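Here the structure is a predicted model, which means the values were calculated and not measured. Side chains included, hydrogens not; waters and symmetry mates left out as well; all remaining heavy atoms used.
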Number of protein chains: 2
Amino acid sequence: MTQISKAEATRRKILETGHALVLKKGFVGVGLQEVLKASGVPKGSFYYYFPSKEAFGCALLQQYVDGYLALMDQLLAADLPDGRTRLMRYWGAWLAGTEDPARGWAEDCLVVKLAAEVADLSEDMRLVLSEGTEALIARIAQMIAEARADGSLPGGAPAPGLAQMLYQMWLGAALLTKLSRDRAPMRQAYEATQALLVCSGHSHIHPDPEED
Amino acid sequence: MTQISKAEATRRKILETGHALVLKKGFVGVGLQEVLKASGVPKGSFYYYFPSKEAFGCALLQQYVDGYLALMDQLLAADLPDGRTRLMRYWGAWLAGTEDPARGWAEDCLVVKLAAEVADLSEDMRLVLSEGTEALIARIAQMIAEARADGSLPGGAPAPGLAQMLYQMWLGAALLTKLSRDRAPMRQAYEATQALLVCSGHSHIHPDPEED
DNA sequence: GGTTAAAATAGACCGGTCGTCTAGTAGCAT
DNA sequence: ATGCTACTAGACGACCGGTCTATTTTAACC
């Protein structure tokens, strides 16, 4: 089976190198030539592995969200004291990545880097990212629900809305951190998250927009 | 003095057209040629008005933040029933722009569109945007403080931190809205904002990260 | 070992990139 | 009118963008 995986290995190598490059320079900011050279793959080979740059971008994003979601599931399956700990461990990872302690994983987030660029550029890429975040938010909501079920978190606003709102906040925090080169927004988000989860019983976040 | 303003008018025209184009296609995604053609300005003239594409980008962003901040000051100076109304009017503008009702102004925000791209691309552009958001957050904090002073909003978490947290949330909401083509995140942000402003007395967002 | 199909590559293609340069026009002051 | 500056004009260079066709290398099979 090494023959099959040989091609797959090359494909993966391109994707991997592409990820790193795109994270730094954006999608349109990176040329195929650059990716290929960095991957040690000859230029002519690109269209053997991908039908177009856009398809390459989709694969890149798909691989990323798959990996991310898998990590989430791993966290969901991990046995930890309670649901609240699990949830806060997730947010903590935004601040400081699981392996690399200093560099949080917010600076490595492709959603943060590419969402705005991709949204107007390619419908296919947009969809991959959009569905990815949707699935992610669903998992966060699940975490909240479980934490409430085991009593480690008080009830309050509906979990799905709260999850979305929290994710939004962290997304914005990551963007602002990227922009200001200061981690204060991330810390702010962490503290706000704690506060919101505990006292969300008071703040009614309900899904009807009826009010003046 | 029409001579001076003639050149200035052309410069402004380039900036204006550039704004629209960049908003759709990103900064690196737009070529000078395209901007110039759309502006009706010949290609050779560009380097008379701007020393480089980067400088053009800085001017573009500077013009944008100046305009935005001016709009904020206008809102701050407007006489409205109370501070809370003023503040919520600001957030309301994110949802539905002042003039164009359907299309909220979140889709037209250059910070949302360019922050991630510019942060790694150009230090100069990054700084313009970063200082812009900083000033913006300060004005939001001021609004919160004034609303508390006139009694239309209860006290609670320190205004600067709250302002930053709210802005982050809206930034993330705008990004998610751009990505999903669904305004639900924006509505979510609006409701969460109301809840947070009113019940922030309970949720202590204090700047010490001491707890298990 | 020779045939054949698939995997992988080389390199040309055309158009666009930013930026430079020189020649030229318009408008005003003296 | 002359000279001077502000501004326009577009060709030009070197390079890089994504894409494609033709070609070579590799492996499989009998």
Within 45° of the ring axis of Phe27(A) and under 6.0 Å from its six-membered ring centre, is that where the NZ or CZ of Lys53(A) lies?
-> yes
Starting at atom OH of Tyr49(B), determine the distance to atom P of dG19(C), rounded to an integer number of angstrom.
-> 18 Å
For residues 68-76 of chain A, tabulate all N or O donor-acceptor pairs below 3.5 Å that involve a side-chain atom, not counting sequence neighbours.
from: Tyr68(A); atom 1: OH; to: Tyr90(A); atom 2: OH; distance (Å): 2.9
from: Asp73(A); atom 1: OD1; to: Arg139(A); atom 2: NE; distance (Å): 2.7
from: Asp73(A); atom 1: OD1; to: Arg139(A); atom 2: NH2; distance (Å): 3.4
from: Asp73(A); atom 1: OD2; to: Arg139(A); atom 2: NH2; distance (Å): 3.1

Please examine the side chains of Tyr167(A) and Leu171(A), heavy atoms only from C-beta on, and report whether any two atoms are closer than 4.5 Å.
-> yes
Under 3.5 Å, is there an N or O donor on one side and an acceptor on the other linking the side chain of Lys43(A) and the base of dG18(D)?
-> yes
Output the distance between atom CG (Leu21(A)) and atom CG (Leu32(A)), rounded to the nearest 0.5 Å.
-> 11.0 Å
Without swapping roles, check the side chain of Arg181(B) against the backbone of Ala119(A) for a donor-acceptor pair under 3.5 Å.
-> yes
Within residues 25-35 of chain B, residues whose heavy atoms come under 4.0 Å of DNA chain C | Val30(B), Gly31(B), Leu32(B), Gln33(B)
In whole angstroms, the gap separating C1' of dC7(D) from CD1 of Ile14(B) amounts to 12 Å
Do the ring planes of Trp94(A) and Trp170(A) sit parallel (below 30°), tilted (30 to 60°) or perpendicular (above 60°)?
-> tilted
Selection from dG19(C), dT19(D), dT9(C) that lies nearest to any side-chain heavy atom of Pro42(A) = dT9(C)
Establish, with yes or no, whether the OP1 or OP2 oxygen of dA8(C) is under 4.0 angstrom from a side-chain nitrogen or oxygen of Ser45(A).
-> no
Tyr47(A) vs dC20(D): side-chain N/O to OP1/OP2 distance below 4.0 Å = no
Interatomic distance where CG belongs to Leu36(B) and P belongs to dT17(C) [whole Å] | 11 Å
Integer-rounded Å distance: dT17(C) P and Lys53(B) NZ | 9 Å
Could you state the CZ-P distance from Phe46(A) to dG18(D), rounded to the nearest angstrom?
-> 8 Å
With the side chain of Tyr48(A) defined as its heavy atoms from C-beta on, choose the nearest nucleotide among dG19(C), dT9(C), dT8(D).
-> dT9(C)
